[in-house]
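Residue numbering restarts at 1 for every chain, and letters A, B, ... go by the order of the sequence lines. Quick caveat, the model's predicted, so the values are computed rather than measured.
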Amino acid sequence: MKVISANKIKNIVAELCIQANLALREDVFRQLKRAYLVEKNKTAKDVLGAIIKNAQIARKEKLAICQDTGLPCVFVEIGQNLKVSGDIRQAINQGVVLGYKKAYLRNSVIIDPIKREKSGYAPAVIHFDIVRGEKIKLTVFPKGFGCENKTQLKMFKPTAGINEIKKFIIEAVKAVGPDACPPYVIGIGIGGTADYACLLAKKALLRKIRNPKSEIRNKSKMQNSKNYKLENELYSEINKLNIGPMGLGGRNTALAINIETYPTHIAGLPVAINLSCHALRSASKTI
Amino acid sequence: MIQLKIESLKTGEKIFLSGKIYTARDQAHKRLADAIKNNKRLPLDLRGKIIYYCGPTKTPKDKAIGSCGPTTSSRMDIFTPLLLKAGLMGMIGKGNRCKEVIQAIKKYKAVYFLTYAGCGALLSKYVLKAIPVAYKDLGPEAIYELEVKNFPLIVGIDSTGRNIYGKK
């Protein structure tokens with residue numbers, strides 16, 4: 001059986017925390033540049049220009065993309081034939097503290113949610129998943145709370161149609177309006193249980209944003225992919241809302257819509273929406 | 001004090017601010033509001049001041065400040081009218097404000113600015129100096145005095161109460 005030390009996991013998590021917070025994801029950056037090119041509204045274009053410049057400065061000068069360096073969420077996929085020597089949960093939290101301190105990131109974690117005393121860097125919110133094989137995939141997703149605060153869950157009747165779901169999502173984005181740093185990446189989870197739909201919505205944000213250029217090349221393949229149609233319909237309807245960058249109008253309200261689905265119960269239809277601000281940050285490593 | 005002709009600022013106008021501003025977010029607002037309610041002395045005289053809704057990252061060794069963009073303003077809405085009554089002149093943040101805040105801005109002839117949301121690295125370039133001046137125990141939520149130069153702002157709500165998000 002292959003063995004990995006907790007210490008190694010600690011160091012990888014530290015590295016991923018720094019990478020995620022300082023270097024904007026390539027797919028998000030590409031989509032922002034695309035948004036800048038197609039934007040006609042003058043103010044919106046100015047704001048998008050600032051957002052792009054911000055990402056460039058952050059990467060070059062090793063500064064956090066956003067001062068809200070998030071609640072660190074860590075997704076772990078462990079192969080069932082891999083053995084971890086040591087305490088994996090502790091290693092992840094130590095890695096978070098190490099990485100956050102090293103890169104001068106913000107200590108935004110409050111230990112007691114009610115008393116709200118002194119803030120620190122950890123613990124992270126950790127999700128473990130057992131998969132086949134003998135590898136481990138670690139993903140660090142620092143989630144800012146300006147957008148996390150706007151999360152919504154609705155338990156629909158099983159007879160609800162697609163139009164009701166669409167309406168719920170569009171109304172949710174409208175209600176958020178300018179507050180959570182648009183243009184947004186919108187994660188949607190449909191199915192499972194209440195908690196699972198919320199998790200799917202968050203995981204949807206980790207999926208790479210589709211590249212419209214490669215879509216043209218692989219059109220038939222893309223169209224066959226799950227939820228493609230619904231994602232596209234929502235994308236065009238939400239971008240007609242004229243919320244725009246910073247909420248000052250424009251055709252770029254959503255950078256992408258990512259939907260994940262899962263089987264559910266005959267009596268229900270959970271739908272969760274988890275927004276990300278334009279600074280959607282995450283980093284992964286598989287070993 | 002910043003020399004700004006508040007009443008000449010118009011909603012939608014872009015300006016570049018130089019001078020001193022003060023960071024304050026949720027917990028600092030709660031303490032300031034409690035102090036005002038209980039007639040206690042404030043650690044910061046709010047008269048003529050501009051508050052920036054911001055909790056910066058830690059300051060890297062070679063920099064004046066870390067990443068320092070605006071946080072969501074609406075969370076401060078319940079405290080803002082009281083602070084305006086105590087003499088606060090302006091606020092910088094992101095997103096919309098509630099009706100009561102807009103009315104108070106109009107009543108006390110104040111101003112609400114927006115700045116580039118989610119652009120903390122870029123905005124750090126306009127900050128020359130940052131020193132904690134109150135509630136230091138709050139860490140990133142302490143009140144910092146920031147000396148800024150050409151800090152980019154958009155007038156979100158002017159002293160007549162006109163709201164940039166209301167006209168669409």
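Remark: side-chain polar atoms of Gln67(A) are not paired, donor with acceptor, to backbone N or O of Ser67(B) under 3.5 angstrom. With hydrogens and angles ignored, the 3.5 Å screen pairs no side-chain donor or acceptor of Thr57(B) with any backbone N or O of Leu105(A).
Looking at Cys181(A), both its backbone and its side chain come within 4.5 Å of chain B, counting heavy atoms on both sides. Looking at Ala180(A), only its backbone comes within 4.5 Å of chain B, counting heavy atoms on both sides. Heavy atoms of Glu61(A) lying under 4.5 Å from chain B belong to its backbone as well as its side chain. Only the backbone of Pro56(B) comes within contact range of chain A, judged by heavy atoms closer than 4.5 Å. Heavy-atom distances place the side chain of Gln27(B), and not its backbone, under 4.5 Å from chain A. Only the backbone of Thr59(B) has a heavy atom closer than 4.5 Å to any heavy atom of chain A. Contact annotation for Arg25(B): only side-chain heavy atoms (C-beta onward) come within less than 4.5 Å of a heavy atom of chain A. In this structure, the portion of Cys68(B) lying under 4.5 Å from any heavy atom of chain A is its backbone and not its side chain.
Of the listed residues (Leu123(B), Thr115(B), Asp62(B)), the one with the most heavy-atom contacts under 4.5 Å to chain A is Thr115(B). Of the listed residues (Pro60(B), Gly139(B), Gly120(B), Gly95(B)), the greatest number of heavy-atom pairs within a distance under 4.5 Å of chain A belongs to Pro60(B).
Atom NZ in Lys58(B) sits 4.0 Å away from atom CG in Asn107(A) (nearest 0.5 Å). Atom CD of Glu141(B) and atom CZ of Arg116(A) lie 8.0 Å apart (nearest 0.5 Å). Distance check: Ile65(A) CD1 to Leu122(B) CG gives 13.0 Å after rounding to the nearest 0.5 Å.
Comment: Asp137(B) does not engage Lys118(A) in a salt bridge, judged by the lack of any side-chain N to carboxylate O separation of less than 4.0 angstrom.
Heavy atoms of other residues, nucleotides or ligands lying less than 6.0 angstrom from NZ of Lys109(B) number more than 12. With a 6.0 Å radius and a threshold of 12 heavy atoms from other residues, nucleotides or ligands, Lys10(B) has its NZ atom above the threshold. Taking a 6.0 Å sphere around NZ of Lys166(A), one finds it holds more than 12 heavy atoms contributed by other residues, nucleotides or ligands.
For the side chain to side chain contact (heavy atoms under 4.5 Å, CB included) with Cys119(B), the lone residue among Asn54(A), Ile52(A), Val47(A) that qualifies is Asn54(A).
Tyr165(B) places a side-chain heavy atom less than 4.5 Å from the side chain of Leu248(A). When side chains are defined from C-beta on, Ser119(A) counts as touching Pro140(B), because their heavy atoms get closer than 4.5 Å. For the pair Met246(A) and Ile154(B), the minimum side-chain heavy-atom distance is below 4.5 Å. For the pair Thr71(B)/Asp68(A), no side-chain contact is recorded, criterion being any heavy-atom separation below 4.5 Å from C-beta on. Looking at Lys63(B) and Leu63(A), their side chains come closer than 4.5 Å, going by heavy atoms from C-beta outward.
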Quiz item: Are Ile57(A) and Lys125(B) close enough, and set up right, to give a side-chain contact (heavy atoms from CB on, under 4.5 Å), and what steps lead you there?
Solution: CA-CA 9 Å; Ile57(A) 291 173; Lys125(B) 298 279 141 199; 3.9 Å; yes
Practice problem: I would like to know whether Lys61(B) and Tyr104(A) meet side-chain contact (heavy atoms from CB on, under 4.5 Å); could you show each step before the answer? | Solution: CA-CA 9 Å; Lys61(B) 276 199 188 91; Tyr104(A) 300 96; 3.3 Å; yes
Exercise. Could you give me the CA-CA distance, side-chain angles and deciding distance for Tyr116(B) and Ile51(A), then say whether side-chain contact (heavy atoms from CB on, under 4.5 Å) is met?
Key: CA-CA 8 Å; Tyr116(B) 294 129; Ile51(A) 292 170; over 6 Å; no
Practice problem: Step by step, work out the side-chain contact (heavy atoms from CB on, under 4.5 Å) result for Lys94(B) and Asp179(A). | Solution: CA-CA 7 Å; Lys94(B) 68 167 166 109; Asp179(A) 290 355; 6.0 Å; no
